[in-house]
Structures are given as structure tokens and as C-alpha cells.
Amino acid sequence: MPELPEVETVRRGLEPALKGARLTRVVANRADLRFAFPEGFVQRLTGASVIELKRRAKYLLAPLDRGDTLVMHLGMTGRFDIEGADKQERPGVFHYAAPANPKHAHVVFETDRGCRITFYDPRRFGFMDLIATEAVEAHPWFAKMGPEPLGPEFGAGRLIQMFKGRKQGPKTLLLDQRTVAGLGNIYVCEALHRAHISPLKPSGGVKKAKLKALAVAVKEVLAEAVEAGGSSISDYAGAGGELGYFQHSFRVYDREGEACPTKGCKGTIERIVQAGRSTFFCRVCQT
DNA sequence: CCCACGACCTGTGGGC
DNA sequence: TGCCCACAGGTCGTGG
């Protein structure tokens, strides 16, 4: 599922169940996800209390009262299901169209508030680690990470700085978490379309006016998606229509062959492959 | 520095 | 129905 809006949606869904809760029981059903769990993973978590649940880019961070921070990444197919008391506080987030396959239930957390949270991840591109809280910022995952796109440190200036003189295409630069942290394939396609920037041209040649539009487009598309509860592509459907429906608002992603939605544009959405990943765009209005 | 590409892993959907 | 291939939201590493 997860780019920034989806991870933020998950964070908001889990927060009522985890914030301030003590982990009374933790089970790891295997020794690794993408990476091996750290030494003593289960023991270090069991009995600890979660101070808060934060997000940085696509990572979830749960600082614990013991000085460690539980760092979690959903990879491509990571998903949390929640059962028990705290589920009621945020209906919708965990109402999936299809039940999770129990064979992919890799980690289970139970809390002192009578809640069970299960992490499922069929492809196991997700991962979890425990990092000393004061060392999180310096950790390689975070040290070179760019600004949060929805925060004040990100704006046209950042894009102008990062795009200057670069031959790489804008998609590559936006997917690079050092430029700005939290975008993935979908929202990059959407932002470039909104800003009318061609994914085929070198980044260094994009005019400043367009980079200003791009910064606005990035913020807008992410904010709208967060507001919609993220996007649900294949395995997940929001309940009650209030969560996880942003996929209906995609202008180009997965819309190959459809008419370009730009006002007055007669183009058709194309799909091409760049760096092994699909790019959806309109070659008429993205120049 | 810049690409293109493959690797990691499993599931799903389309075409035949 | 079954089979095979292409493809999937992310990240990391290699080699030219």
C-alpha cells in the first residue's frame, strides 16, 4: 500500500491502540522480514510502553519507555490488522475488502488495553528494527533523508536546489528519498502531471516556474490523499467511504488509454517504463 | 555522477 | 479450467 499518505493513514489508525499502551505480549512468527529482526527483539519489546507513534517519510516510529525506538516499514504489502478494544476508535482503517492470509501474520503485539495488532506482509519487503531513540536521526535510514514534503522545509527552493544541473529525469529525483522523503511511484506520477512536467526530459532543464508548480502539486496531492485516507489499490477498501479512496482521484496512475483530465487537453494517458517502473503521463500537456 | 537492471518475495490478473 | 507471463505501492546494490 504504502507511500506517505498510506503510512500516515496507518499511523492514525494505530495511534489510539498503541500510544501510551504497554506491550504485554509480542510474538515474532519468523526470524526475519526483509532483514533479520534484531537481537532480543521480542524480549526488548515485551513489557515496554509505547510513548507515541510517529511517522518519518514512509517509516513508522514508536519510541518506547526503555530508550529504544521500534522502527517499522511496510515495504510494498505490509498491513496491520487490529482486533479488540481499541479498534472502535478508528473504524475504517482496518476494514479490508479481503481478510489477511494468516500464513503471512509475521508479528503480533498485544497490549494492556486488550488489543491485538497483527502485522501481515506477503512479500516481506517490510522490516522492523529497534534503534536507540537518541540514535535514530543518525541512523543510515534517516541521516541523509530529505525533508518531509508536507512540512515547511520543503518547497520550490528545495526542488530548484536539487534539480539544478541534473541530467536525471524528474521522476528519478523525486523518488530519491534524499530529495524529498515520502513520495513513491504513484504520487510522483500524479505530481508531475499536475505540474505539467514531462517525465522524459532532464531535471536540470525544468523551468523555475514549473518547479514552483511542482512543489505546490506535491503538497496538494499528498494532502488530498492523506485527507482521503490514502489510496487502496488491490487489497484494501475503506469502510463507510471515508477512508482509503484516493485511488478514485488519480488523474494518470493506472489510467493508460484514458483521456487526459487536464482542462482543454486532448491527450491520452500513456504508460511507459522508466527504471523498471511504470510511468503514467500525458505527452501533450506534460512538456 | 548517471543509468539500466536485477534482487528481494508472493500474489494476482490477463491472455491464450 | 489451467498455465504462463507481466506486473505490483519500496529499497538496495551492482556494473558499465
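Fair warning: this is a prediction, and the values are worked out from it, not measured in the lab. The analysis underlying the following values was restricted to heavy atoms, covering all of them including side chains, and did not include hydrogens, waters or symmetry mates.
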Trainee: Just to be sure I follow the notation: if a pair is Watson-Crick (purine N1 to pyrimidine N3 plus N6-O4 or O6-N4) or a G-U wobble (N1-O2 and O6-N3), each under 3.5 Å, what dot-bracket string does DNA chain B give, with | for pairs to another strand?
Mentor: .|||||||.|||||||

Trainee: Whole angstrom is fine here: how far is it from NZ in A:K201 over to C1' in B:dC3?
Mentor: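 In whole Å, B:dC3 C1' lies 20 Å from A:K201 NZ.
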
Trainee: Would one find more than 12 heavy atoms of other residues, nucleotides or ligands at under 6.0 Å from atom CZ of A:R30?
Mentor: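 Check passes, neighbour count above 12.
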
Trainee: In whole Å, what is the span from the CG atom of A:N101 to the C1' atom of B:dC9?
Mentor: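 In whole Å, B:dC9 C1' lies 14 Å from A:N101 CG.
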
Trainee: Can you check whether A:H104 has a side-chain N or O nearer than 4.0 Å to OP1 or OP2 of B:dG11?
Mentor: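 So the side chain of A:H104 is within the cut-off, an N or O lying under 4.0 Å from OP1 or OP2 of B:dG11.
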
Trainee: Could you list the cluster mates of A:V108? Members are the ILVMFWY residues connected by side-chain heavy atoms closer than 4.5 Å, either directly or through other members.
Mentor: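 Result for A:V108 is A:V27.
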
Trainee: Ignoring backbone atoms, test whether A:K103 places a side-chain nitrogen or oxygen under 4.0 Å from the OP1 or OP2 oxygen of B:dG11.
Mentor: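 Yes, because at least one side-chain N or O of A:K103 sits under 4.0 Å from OP1 or OP2 of B:dG11.
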
Trainee: Would you measure the distance from the P atom in B:dC9 across to the matching atom in C:dC4 and give it in whole Å?
Mentor: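 Comparing P positions in B:dC9 and C:dC4 gives a spacing of 22 Å.
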
Trainee: Can you tell whether the side chains of A:K19 and A:E52 come within less than 4.0 Å, N to carboxylate O?
Mentor: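 Judged by the 4.0 Å cut-off on N to carboxylate O distance, A:K19 and A:E52 do not form a salt bridge.
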
Trainee: Could you tell me which residues satisfy side-chain contact (heavy atoms from CB on, under 4.5 Å) with A:M145, sequence neighbours excluded, listed by chain and number?
Mentor: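 If we apply the side-chain contact (heavy atoms from CB on, under 4.5 Å) test to A:M145, skipping adjacent residues, the hits are A:R56, A:A57, A:Y59, A:F142, A:A181.
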
Trainee: Using atom OH of A:Y253 as one end and atom P of C:dC7 as the other, report the distance to the nearest whole Å.
Mentor: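 In whole Å, C:dC7 P lies 12 Å from A:Y253 OH.
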
Trainee: Nearest nucleotide by nearest heavy atom, which residue falls closer to the 5' end of DNA chain B, A:P122 or A:G165?
Mentor: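 First, find each residue's nearest nucleotide; the 5'-ward one identifies A:G165.
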
Trainee: What integer number of Å spans the C1' atoms of C:dG9 and B:dC3?
Mentor: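 Going atom to atom, C1' in each nucleotide, I get 23 Å.
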
Trainee: Please encode protein proximity along nucleotides 10-16 of chain C as a string of B, S and -, counting only heavy-atom distances under 4.0 Å.
Mentor: BBS----

Trainee: Can you tell me how far the CZ atom of A:R55 sits from the CZ atom of A:R11, to the nearest 0.5 Å?
Mentor: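 Output value for this atom pair is 7.5 Å.
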
Trainee: I'd like to check the salt bridge (charged side-chain N to carboxylate O under 4.0 Å, His left out) partners of A:R44; sequence neighbours left out, ordered by chain and number.
Mentor: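 So A:R44 forms a salt bridge (charged side-chain N to carboxylate O under 4.0 Å, His left out) with A:D68.
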
Trainee: Using a heavy-atom cut-off of under 4.0 Å over every strand shown, decide if A:S278 touches base, sugar-phosphate, or nothing.
Mentor: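 Sugar-phosphate, no base atom in range.
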
Trainee: Within the supplied structure, the quantity of interest is the number of heavy atoms (other residues, nucleotides, ligands) at a distance under 6.0 Å from A:R66 CZ; does it exceed 12?
Mentor: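 Buried by this count: over 12 neighbours within 6.0 Å.
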
Trainee: What integer distance in Å separates A:Q274:CD from C:dC7:C1'?
Mentor: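 A:Q274 atom CD is separated from C:dC7 atom C1' by 17 Å.
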
Trainee: Hey, what else clusters with A:Y120 if you join Ile, Leu, Val, Met, Phe, Trp, Tyr whenever side-chain heavy atoms sit under 4.5 Å?
Mentor: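 In the cluster with A:Y120 there is nothing else; it is isolated.
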
Trainee: I need the CZ-P distance between A:F163 and B:dC2, as an integer number of Å.
Mentor: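 That distance rounds to 12 Å.
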
Trainee: Verify side-chain contact (heavy atoms from CB on, under 4.5 Å) between A:C282 and A:V252, making sure each step is shown before the conclusion.
Mentor: CA-CA 8 Å; A:C282 171; A:V252 292; 5.5 Å; no

Trainee: Rounded to the Å, how far apart are A:R255 CZ and C:dA8 P?
Mentor: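 Computing the A:R255:CZ to C:dA8:P distance gives 16 Å.
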
